[in-house]
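As structure tokens, the structure follows; a few thoughts come after it.
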Amino acid sequence: MQRMSGLIRAASVAACLALAAGTASAQEPKSIKIGYAISKTGPNAGGANITQIPNYQMWVKEVNDKGGLMLKSIGKRVPIEVIEYDDRSNSEEAVRAVERLVTQDKVDLLFPPWGTGLNLAVGPVFNKYGYPQLAFSAVTDRAPELAKRWPNSFWFLGTSQMYVGALADLLAKQQKVGKINANVAMISIADGFGIDLSKAAREALPKAGMKLVYDKSYPIGTQDLSPLIAEAQRSGADTFVAFSYPPDTVALTDQAKVASFSPKVMFLGVGVGFPLYPGKFGANTEGVMSLGGLSKDNAGTAEYRKKHNAMHGRDPDYWGSQVGYASLQMLQQAVERVGKIDRPAIIKELQTGTFDTVLGKIKLEGNMPKDAFWVLGQWQNGFYTGVAPQRPGVAELIVPKPAWKP
Amino acid sequence: MRRGAVIVAIAALALGLLAFVPWIADGYQLSLAIGILNYAVLATAWTLFSGPTRYVSLATVAFFGIGAYTVAVLGEVLAWPVVLLIALGTGSVVALVVGFATLRLSGVYFVIFTFGLAELIRQVVTWFEVNVTRTLGRYVFVDISQEQIYWQLLGLTALVFGAGYAIRRSRLGLALRVIGDDEVVARHLGIGTTAAKVALFTFSAGFMTLCGAIMAPRWTYIDPAIAFNPVVSFQVLIMALLGGAHRLYGPLLGVIPLTLLFEFLLARFPNHFSILIGLAFMAIVYAIPRGITGLVEQASARLRRGAAP
């Protein structure tokens with residue numbers, strides 16, 4: 001017994017020494033390691049390359065140019081060291097890469113992967129090790145539930161109801177003042193995005209007093225959308241809504257123009273907010289609506305776009321990019337306020353704090369930003385202006401959309 | 001007989017030791033072990049059928065995906081063993097139907113058909129989800145830990161090896177070897193070639209389906225593109241061929257080095273992975289066309305010849 005307790009005492013002394021050694025080395029970290037696994041190859045690579053990777057590179061460069069993240073606990077700036085892996089657009093690879101980052105590379109912080117599927121796949125790993133997960137390229141109806149299940153996860157782009165609800169409100173308002181009739185023609189792509197949003201629309205539109213008179217889905221890769229356009233035209237709806245992907249968004253605009261189909265409200269999906277869209281359609285973008293948007297008078301966003309262009313030689317998109325950059329700024333401020341790499345405290349700060357970002361001030365509610373960014377936008381005088389939700393700087397919706405110019 | 005007993009004893013010992021891995025491994029090592037076991041089951045199940053018959057199948061992910069989808073649909077409403085049983089049943093029925101319809105094909109036609117099968121099932125699932133359930137992408141919130149996934153896979157590995165061992169020593173195994181050597185001769189010998197082939201195809205598909213079902217809770221979210229990812233089929237094929245498809249333990253010798261190689265390349269050269277992996281495959285095909293088991297056999301034959309005089 002005597003020997004036993006001696007052993008325990010020796011062991012506890014050793015443990016204390018080890019702990020002390022641990023804190024001693026933690027006091028003078030040479031770098032803060034940030035790791036991410038992202039789709040550099042495979043079907044997700046395109047999206048990751050537009051919305052996510054440029055933001056990561058830009059943010060890291062800016063922070064390191066200043067000397068790193070300011071850690072109050074040691075009173076100096078510590079530069080960021082990046083470790084990146086390719087998840088090959090594969091859930092299993094993503095899970096394993098994040099495990100590797102945490103247990104082998106022992107990173108201090110993690111960045112999220114691209115897309116709804118992969119963010120959900122790595123969610124349990126982020127949660128198991130207690131790393132904040134600031135997902136900004138995932139739209140999921142289960143976001144509120146996920147935030148409860150994994151309190152370390154933040155869902156910046158929100159739910160599909162959020163987007164469709166805003167659209168239904170805008171339409172109902174126009175219908176009440178008699179600018180459009182109650183009929184809506186809707187088409188949607190048969191993939192995650194189109195299915196979720198069209199499903200939400202089938203509930204939200206009738207609730208707002210609108211009537212869905214045409215509702216069709218089309219498979220990915222459909223080239224000829226003119227039959228759908230012709231049917232939508234015949235349906236007598238003043239409002240045309242398409243939950244489409246970039247190639248079909250461009251095709252729809254083209255083919256609607258050819259068919260002289262110029263509905264009073266024209267809402268198209270992903271792609272309207274890409275830089276190539278105004279490049280291709282010029283003045284004909286006027287009045288076209290979609291997701292995302294910009295504030296006319298927000299200097300922060302304007303400066304962000306300028307910096308992005310200077311570093312990468314291209315514009316960011318009008319939706320996820322700026323939200324993503326804002327989420328990185330929030331992470332930075334949370335770390336600097338906590339003053340050390342204390343992940344539970346950083347998560348707590350993210351949940352409760354108010355942050356200055358390129359989008360303006362953001363405070364999260366239930367791990368999601370509320371009215372922090374433009375959910376819907378419309379091309380107005382060559383500027384992709386935010387029209388919903390109702391927040392400072394909101395622009396009035398232009399109805400009807402002007403006719404196509406030749 | 002004694003040799004058989006030794007093999008069984010060694011296998012049982014290895015299994016017993018491997019069961020302790022979750023207690024000593026950290027998250028990443030466990031993750032790697034799960035990856036190895038996943039492919040060990042798939043490649044060995046693939047070899048069960050394709051090894052003796054020499055029918056190259058690219059349908060692996062079709063069954064793997066059926067298993068994963070069964071969990072996505074039923075995982076939250078039924079007890080876990082029941083879900084596994086339903087997955088097994090679904091996979092087997094599909095294999096049976098497909099087997100009777102197509103195992104009369106041979107050569108490159110069979111390869112193309114099996115590749116098409118995975119794509120067909122993916123499209124059918126997509127169509128169903130889009131038009132009937134109106135959701136694409138399902139959430140799998142099942143309370144199953146990584147350790148439990150590991151143990152289930154380990155059990156499944158033991159089962160697939162046991163089954164393979166038993167089949168090789170049975171009349172069915174002999175019949176299949178004859179079919180692999182010459183199908184016409186086999187038919188003339190009075191072997192019911194179609195029944196034998198279908199039986200084994202179904203059996204092998206059952207294991208693949210179970211494997212998919214066990215792996216599904218790892219990903220939380222499943223859509224047809226994730227569940228029916230054709231890369232899985234090709235990877236299984238390459239691993240089995242590297243190891244050597246004419247021995248039961250052959251695929252294992254391909255799975256372990258290739259999984260580790262993928263891991264090494266992904267960790268060290270994330271930006272050049274695709275190029276390096278392509279070079280590695282070419283090197284494998286040119287340098288060891290008969291697989292690692294072929295190399296081992298060659299070496300041991302040379303040793304024996306050297307020792308004889």
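For A/Glu84, the parts lying near chain B are the backbone and the side chain together; criterion is any non-hydrogen pair under 4.5 Å. Using a 4.5 Å cut-off between heavy atoms, A/Thr41 contacts chain B through its side chain alone, with no backbone atom that close. No part of B/Glu129 comes within reach of chain A, as not one of its non-hydrogen atoms sits under 4.5 angstrom from that chain. Contact of B/Leu32 with chain A is made through backbone and side chain together, with heavy-atom distances under 4.5 Å. The parts of B/Ala267 that come within reach of chain A are both its backbone and its side chain, each placing non-hydrogen atoms under 4.5 angstrom from that chain. Of the atoms belonging to B/Leu266, heavy atoms from both backbone and side chain fall under 4.5 Å from chain A. Interface remark: B/Asn229 contributes side-chain atoms only to the contact with chain A (heavy atom separation under 4.5 Å). With a 4.5 Å cut-off on non-hydrogen atoms, A/Ile38 does not touch chain B at all.
Taking all atoms of both residues into account, the shortest heavy-atom contact from B/Ser31 to A/Arg96 is OG-CG, 3.4 Å.
Your options are B/Phe141, B/Phe273, B/Trp127, and the one with the most heavy-atom pairs under 4.5 Å with chain A is B/Phe141.
Checking each of B/Asn131, B/Val130, B/Thr126 against A/Ile195 for a side chain to side chain contact (heavy atoms under 4.5 Å, CB included) leaves exactly one that passes, namely B/Val130.
Judged by distance alone, the side chain of B/Thr220 and the main-chain N or O of A/Leu120 form a donor-acceptor pair under 3.5 Å.
For the residue pair A/Thr140/B/Tyr139, the side-chain donor-acceptor check at 3.5 Å is satisfied.
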